[in-house]
Amino acid sequence: AQSVTQLGSHVSVSEGALVLLRCNYSSSVPPYLFWYVQYPNQGLQLLLKYTTGATLVKGINGFEAEFKKSETSFHLTKPSAHMSDAAEYFCAVSDRAGKLIFGQGTELSVKP
Amino acid sequence: EAGVTQFPSHSVIEKGQTVTLRCDPISGHDNLYWYRRVMGKEIKFLLHFVKESKQDESGMPNNRFLAERTGGTYSTLKVQPAELEDSGVYFCASSQDWDRGNSPLHFGNGTRLTVT
């Protein structure tokens with residue numbers, strides 16, 4: 001069975017600082033991994049995804065994530081946080097049948 | 001292109017009442033999904049339609065929940081009778097194809113359901 005664990009329900013960074021949101025997964029098949037973002041009063045928006053190929057994946061708004069099979073991790077990073085990055089971030093894995101299994105979410109706060 | 005539309009955006013009902021949530025997927029998207037997030041918990045899968053057929057309804061909590069997608073266009077999710085634990089945000093998503101993720105899911109803004 002697949003599962004996702006996001007470490008830290010709340011992360012706070014200063015504007016301009018590195019953003020690191022942690023995600024570990026468990027999957028019995030080669031995983032397809034995703035990061036979604038939810039801004040206040042909006043739906044979930046796809047940030048980036050890993051399916052096959054290059055393990056470093058670049059997404060929108062300057063975010064990227066690296067798939068590390070040996071560590072079963074898919075951490076999300078951004079070199080320099082912006083105030084507009086404040087949102088809730090969700091890591092997800094798709095199972096054999098194709099449905100998404102989400103982590104519990106990490107709320108990112110950005111301090112001026 | 002118009003995105004996935006859900007309504008109502010908010011619904012407050014009393015325990016025992018009935019509520020119907022509606023989702024309009026992106027035009028041409030055969031795949032439609034319902035997910036739910038109960039407060040403080042992760043977003044959980046409820047069910048998946050391919051056109052008008054239920055492909056997977058393994059996440060439906062119990063028989064108080066009924067989902068339909070007549071004609072393969074919009075979908076409704078009815079909760080009857082509603083219980084307190086049904087409170088949460090219900091998300092709908094659609095995609096054009098499904099191959100484990102190459103065709104991304106587009107999510108609606110969700111319906112926040114509060115059962116009092």
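Residue numbers start from 1 in every chain, and the chains themselves are labelled A, B, ... in the order their sequence lines are given, proteins ahead of strands. FYI, side chains are in, hydrogens and waters are out, and symmetry mates aren't considered; it's all heavy atoms of this structure.
Side-chain atoms of B:Asn109 come within 3.5 Å of backbone atoms of A:Gly43 as a donor-acceptor pair (strictly under, hydrogens ignored). A side-chain donor-acceptor contact under 3.5 Å links B:Tyr35 to the backbone of A:Leu100.
Remark: B:Lys15 NZ is loosely packed, at most 12 non-hydrogen atoms of other residues, nucleotides or ligands lying under 6.0 Å away. Heavy atoms of other residues, nucleotides or ligands lying less than 6.0 angstrom from CZ of B:Arg22 number more than 12. More than 12 non-hydrogen atoms from other residues, nucleotides or ligands lie less than 6.0 angstrom from CG of B:Asn62.
Under the 4.5 Å side-chain contact rule for hydrophobic residues, B:Tyr33 and B:Val79 do not share a cluster. Under the 4.5 Å side-chain heavy-atom criterion for ILVMFWY residues, a single connected hydrophobic cluster contains both A:Val4 and A:Phe63. Both A:Val93 and A:Phe74 belong to a common hydrophobic cluster when Ile, Leu, Val, Met, Phe, Trp and Tyr are linked at side-chain heavy-atom distances under 4.5 angstrom.
For A:Gln6, no part lies under 4.5 angstrom from a heavy atom of chain B.
Between B:Ser58 and A:Lys99, the shortest heavy-atom contact is OG-NZ, 3.7 Å.
Here B:His106 contributes atom NE2 and A:Leu44 contributes atom CG; the two are 12.5 Å apart, rounded to the nearest 0.5 Å. Taken to the nearest 0.5 Å, the CZ atom of B:Arg37 stands 4.0 Å off from the CD atom of A:Glu88.
When side chains are defined from C-beta on, B:Ile43 does not count as touching A:Tyr36, because their heavy atoms never get closer than 4.5 Å.
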